[in-house]
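Keep in mind that this is a model prediction, so the values were computed, not measured. Residue numbers start at 1 and run along the sequence shown.
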Amino acid sequence: MRVTSIAGIGAMFDRFQGDLRVEDPQGRLLTLDRFRTAGAVVADRRPGITGAFAAQGGLFVIQRQVAASALVAALRDATADTAHVYAGASELPNRCGAWLRVMAADGVALRAAMTAAWQAVRQTLTGQTPAPRRK
């Protein structure tokens, strides 16, 4: 993530930490995702960590109506041919859904992958492909 300041552009964030906890109605933990990185690591574009990828994103599909394997297949198919993207999808623990992590060369490629993934999930869950959004 690049931060634009009043004084100029190109400032890098110090660190980012994200935690996503999914529980059932009784409060039992179904899945826990933790993500932590430092701006210096992202800026260095270290091989094996971020490499040539400047943008990252994730999509969690929390549901139990459709088999997680169908969602994983849809997510993988949707992102497989997106240029300048490295993506992976898998089932979440406890049959609570699926998730996708995307690394992309830039924001344009990331948006293309995330849009394709969202459309594929909507198609899988509802049987209908959503109309393209203007923004």
Side-chain angles (χ1 to χ4, degrees):
M1 172 190 307
R2 291 234 175 247
V3 178
T4 303
S5 67
I6 295 173
I9 61 170
M12 183 58 71
F13 65 94
D14 181 41
R15 67 181 160 207
F16 174 81
Q17 179 175 332
D19 298 290
L20 176 70
R21 181 181 181 93
V22 178
E23 299 176 352
D24 69 9
Q26 291 73 38
R28 291 184 295 251
L29 180 65
L30 297 176
T31 189
L32 175 65
D33 179 66
R34 291 186 173 149
F35 181 83
R36 183 182 327 174
T37 191
V41 172
V42 174
D44 285 347
R45 296 195 174 189
R46 298 177 187 175
I49 299 177
T50 58
F53 301 109
Q56 298 181 34
L59 175 66
F60 287 80
V61 183
I62 309 299
Q63 62 83 48
R64 289 186 164 167
Q65 290 77 33
V66 174
S69 59
L71 291 169
V72 169
L75 290 167
R76 288 178 179 168
D77 289 346
T79 57
D81 295 328
T82 306
H84 311 293
V85 164
Y86 180 74
S90 64
E91 294 182 25
L92 290 170
N94 299 304
R95 299 180 326 176
C96 68
W99 72 290
L100 171 76
R101 185 86 74 201
V102 178
M103 296 179 72
D106 55 32
V108 173
L110 178 62
R111 183 176 181 171
M114 297 302 288
T115 299
W118 170 72
Q119 289 174 336
V121 166
R122 288 287 303 268
Q123 175 67 38
T124 303
L125 293 176
T126 68
Q128 298 178 0
T129 302
R133 294 189 174 197
R134 294 175 60 152
K135 290 187 178 186

Look at atom [atom1] of [X] and say whether more than 12 heavy atoms of other residues, nucleotides or ligands are closer to it than 6.0 Å.
X      : atom1 : result
Tyr86  : OH    : no
Asp81  : CG    : no
Gln128 : CD    : no

How far apart are the closest heavy atoms of [X] and [Y], and which atoms are they?
X      : Y      : answer
Ser90  : Val72  : C-CG2, 3.4 Å
Ala109 : Ala83  : CB-O, 3.6 Å
Leu30  : Asn94  : O-ND2, 2.7 Å
Thr82  : Ala112 : CG2-CB, 4.1 Å
Ala68  : Ala98  : O-CB, 4.2 Å
Val85  : Ala104 : CG2-CB, 4.0 Å

Exercise. Is it the case that one hydrophobic cluster holds both Leu29 and Leu92, taking links as side-chain heavy atoms less than 4.5 Å apart, direct or via other members?
Worked result: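 Per the 4.5 Å side-chain linkage, Leu29 and Leu92 are not co-clustered.
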Exercise. Do you reckon Trp99 sits in the same ILVMFWY cluster as Val22, going by side-chain contacts under 4.5 Å, direct or chained?
Worked result: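 Same hydrophobic cluster.
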With a 4.5 Å heavy-atom cut-off, do [X] and [Y] have their side chains touching?
X      : Y      : result
His84  : Asp106 : no
Val121 : Gln63  : no
Leu125 : Leu71  : yes
Met114 : Leu59  : yes

What is the distance from atom [atom1] of [X] to atom [atom2] of [Y], rounded to the nearest 0.5 Å?
X      : Y      : atom1 : atom2 : value
Arg36  : Asp19  : CZ    : CG    : 8.0 Å
Gln56  : Phe35  : CD    : CZ    : 4.0 Å
Phe60  : Leu20  : CZ    : CG    : 5.0 Å
Met103 : Leu110 : CE    : CG    : 10.5 Å
Asp77  : Thr124 : CG    : OG1   : 9.0 Å

For this session: Using a strict 4.0 Å threshold on nitrogen-to-oxygen distance, state whether Asp24 and Arg64 make a salt bridge.
Result: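 No, this pair does not count.
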For this session: Run the numbers on Thr129 and Gln119 for side chain to side chain donor-acceptor pair (under 3.5 Å), then give the verdict.
Result: CA-CA 6 Å; Thr129 302; Gln119 289 174 336; over 6 Å; no
